[in-house]
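Below is one structure; the comments refer to it alone.
Naming convention: chains lettered A, B, ... in sequence-line order (proteins, then strands); numbering from 1 in each chain.
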Protein chains: 2
Amino acid sequence: MARKKDENTEALILEAAKTVFQAKGMDGARMQEIADKAGINKAMLHYYYRNKQLLFEAVFTHAFSLLAPQLKAILNDDSPIEEKVRNFTSDYISFIIDYPYIPNFIIQELNRNPDFILKLKDNPSFPNIDKFKKQVDEEVKQGILRPIRAEQLFINIMALNVLPFVAKPLLKAFTNTGEEAYHQLLEARKTEVADFIIHSIKTS
Amino acid sequence: MARKKDENTEALILEAAKTVFQAKGMDGARMQEIADKAGINKAMLHYYYRNKQLLFEAVFTHAFSLLAPQLKAILNDDSPIEEKVRNFTSDYISFIIDYPYIPNFIIQELNRNPDFILKLKDNPSFPNIDKFKKQVDEEVKQGILRPIRAEQLFINIMALNVLPFVAKPLLKAFTNTGEEAYHQLLEARKTEVADFIIHSIKTS
DNA sequence: AACTTTGTTAACCAAATGGTTAAACTATAT
DNA sequence: ATATAGTTTAACCATTTGGTTAACAAAGTT
């Protein structure tokens, strides 16, 4: 086995590919740009990943593997809904700060090619709503929560947490806030979003 | 002035360009595909719109001009917040049914090029949050609403209404629903989203 | 040291793509 | 009917882009 340099070329490529694909999408990304960013010859991209599509898929599945655990936290945990909502909204924002492009990237590329998710759904680690559903139904039955379908609650939680990042340029313009002020709005949301949801769904 | 056919070529082009750009984005769109869809020669695209960028901008500004009035309805109207929330959630979903690609298209392309919104903000018809802000502050002061910043409320309203469409493939997978079932969830949201918001923000 | 396998590079290639051009066509004005 | 100005087309062009190739370099194997 010949390894010329101490650096792992394959990993360098994937790292550069993440940056470029997540910033520009499949259509906007250029193989040459990825090679340049990785500081290697373009032919190496094909040596390790065959073609653009496969390199893209490596980036996509990796991105998804980072997002999935975040969602499983709210779907599969045993704590009461209220606690899960509070934890999720706070954790999710921390996640976005570490990986700001990921949710946007996934949403954008799935819209371009919706069938892509079928492959992901086969994976046993794909987030599943069943447990969350039982939990919500149970808390509704016990009178802890107002009547609401688990699916709708889940969509609402996702919406309130995800959209402020996905539609950031638009919302910045509409709310007439600069970068700094918008960031403060997001910071405040770490707790306010959870309060907003809890107020809406809790009885009493 | 010579007009060969009764059909207006310029309009045919714009129509085809809308379809292609909104489905595939700036990067994914192909001038030839637009020409084919319009049933005209590719050179006509450049004759009427000079180049891809300008044709794209024509499509984008038109798309935005359709979205803006929807938002002005909630921002500039005089009715109480509760009524505005109810009207908006119902109207917005009707809007999406007519123009399913538009919000997604705008969000996606603004992320690709955030500076693009600066041009739009100059336009005096750009939606402005000031009036909405005064209204929310006033209703909070009167004790009709719980304390909440107008910006946060606006973001929440947008999030709950927009994300279910923008992230449709993802949410369909997570909620484990097919096309039909997901559509029913969306249908139910016409009233449920408003209820969700009102429950959260109204005192009493 | 010779051989083999793996890794790397520069040069190259074919197809796709945005854009141009020159000629042809059509309707209208003179 | 002829000139004129706007409209349309087919062919063409330069560049970009994903992908390939052949030669070469490094490290391990014998």
Side-chain angles (χ1 to χ4, degrees), chain A residues 1-63 105 108-109 112-113 115-116, chain B residues 1-63 105 108-109 112-113 115-116:
Chain A
M1 321 290 174
R3 180 128 298 158
K4 227 178 216 173
K5 296 177 181 172
D6 38 344
E7 267 294 7
N8 184 344
T9 304
E10 190 169 353
L12 277 177
I13 292 174
L14 193 62
E15 203 51 42
K18 276 184 216 167
T19 311
V20 175
F21 274 126
Q22 286 171 18
K24 312 202 168 176
M26 171 70 172
D27 291 331
R30 295 289 164 255
M31 295 295 268
Q32 187 63 57
E33 187 181 353
I34 296 173
D36 292 347
K37 194 147 291 183
I40 49 99
N41 190 285
K42 182 163 69 91
M44 300 315 285
L45 302 182
H46 297 91
Y47 181 78
Y48 285 106
Y49 293 91
R50 274 266 279 286
N51 56 39
K52 190 181 182 183
Q53 179 65 28
L54 288 177
L55 178 53
F56 171 80
E57 288 179 18
V59 170
F60 188 90
T61 44
H62 179 261
F105 171 65
Q108 189 169 321
E109 296 302 324
R112 207 178 46 85
N113 182 7
D115 292 339
F116 204 74
Chain B
M1 322 286 172
R3 181 128 297 160
K4 227 178 217 173
K5 295 177 183 172
D6 39 343
E7 267 294 5
N8 184 344
T9 304
E10 190 169 352
L12 276 176
I13 293 173
L14 193 62
E15 203 52 42
K18 277 185 216 166
T19 311
V20 176
F21 275 126
Q22 286 172 17
K24 311 202 168 176
M26 171 70 172
D27 291 332
R30 294 290 163 252
M31 295 296 268
Q32 188 62 58
E33 187 181 353
I34 296 173
D36 291 348
K37 194 146 291 183
I40 49 98
N41 189 286
K42 182 164 68 90
M44 301 312 283
L45 303 182
H46 297 91
Y47 181 77
Y48 285 106
Y49 293 92
R50 274 267 278 286
N51 56 40
K52 190 182 183 184
Q53 179 64 28
L54 288 176
L55 178 54
F56 171 80
E57 288 180 16
V59 170
F60 188 90
T61 45
H62 179 261
F105 171 65
Q108 190 169 322
E109 296 301 325
R112 207 178 46 86
N113 181 8
D115 293 338
F116 204 74

Is any N or O donor-acceptor pair between the side chain of A/Lys52 and the base of D/dG19 shorter than 3.5 Å?
->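 When only heavy-atom distances are counted, A/Lys52 does not reach the base of D/dG19 through any donor-acceptor pair under 3.5 Å.
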Atom-to-atom span, [atom1] of [X] to [atom2] of [N] - whole angstrom:
X: B/Asn8; N: D/dT8; atom1: CG; atom2: P; value: 9 Å
X: B/Ile34; N: C/dG19; atom1: CD1; atom2: P; value: 11 Å
X: B/Asp27; N: D/dT16; atom1: CG; atom2: P; value: 16 Å
X: B/Met44; N: C/dT20; atom1: CE; atom2: C1'; value: 14 Å
X: B/Ile40; N: D/dT9; atom1: CD1; atom2: C1'; value: 11 Å
X: B/Gln32; N: C/dG19; atom1: CD; atom2: C1'; value: 12 Å
X: B/Asp36; N: D/dT9; atom1: CG; atom2: C1'; value: 14 Å
X: A/Asn41; N: D/dG19; atom1: CG; atom2: P; value: 15 Å

From [options], nucleotide with atom closest to [X] side chain:
X: B/Tyr47; options: D/dT7, C/dT9, C/dT21; value: D/dT7
X: B/His46; options: C/dT8, C/dG18, D/dG18; value: C/dG18
X: B/Ala43; options: D/dT9, C/dG19, C/dG7; value: D/dT9
X: A/Asn51; options: D/dT8, D/dG19, C/dT9; value: D/dG19
X: B/Met31; options: C/dG7, D/dG6, C/dG18; value: C/dG18

Hey, does the side chain of B/Arg30 come within less than 4.0 Å of C/dG18's phosphate (OP1/OP2), counting only N and O?
->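 So the side chain of B/Arg30 is within the cut-off, an N or O lying under 4.0 Å from OP1 or OP2 of C/dG18.
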Look at B/Thr9 and D/dT7 and indicate whether a side-chain polar atom (N or O) is within less than 4.0 Å of OP1 or OP2.
->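 Indeed not, no polar side-chain atom of B/Thr9 lies that close.
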Name the one of A/Leu14, A/Leu45, A/Asn41, A/Ile40 that satisfies side chain to side chain contact (heavy atoms under 4.5 Å, CB included) with A/Thr9?
->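 Only one of A/Leu14, A/Leu45, A/Asn41, A/Ile40 forms a side chain to side chain contact (heavy atoms under 4.5 Å, CB included) with A/Thr9, namely A/Ile40.
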Straight-line distance of B/Met31 CE to B/Phe56 CZ, nearest 0.5 Å =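 Answer rounded to 0.5 Å: 12.5 Å.
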Roughly how far, to the nearest 0.5 Å, is the CE atom of B/Met26 from the NZ atom of B/Lys52?
->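 One gets 5.0 Å once the value is rounded to the nearest 0.5 Å.
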Measure centre to centre between the rings of B/Phe116 and B/Phe60, then say whether the value is under 6.0 Å.
->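 Close enough - the centres of the two rings lie under 6.0 Å apart.
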SB check A/Glu33 A/Lys24 (cutoff 4.0 Å) |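 Salt bridge between A/Glu33 and A/Lys24, a charged N being under 4.0 Å from a carboxylate O: yes.
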Touch check for B/Ala35, heavy atoms < 4.0 angstrom, all strands: base, sugar-phosphate only, or nothing?
->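 Nothing: the residue B/Ala35, judged by heavy atoms under 4.0 Å, touches no strand.
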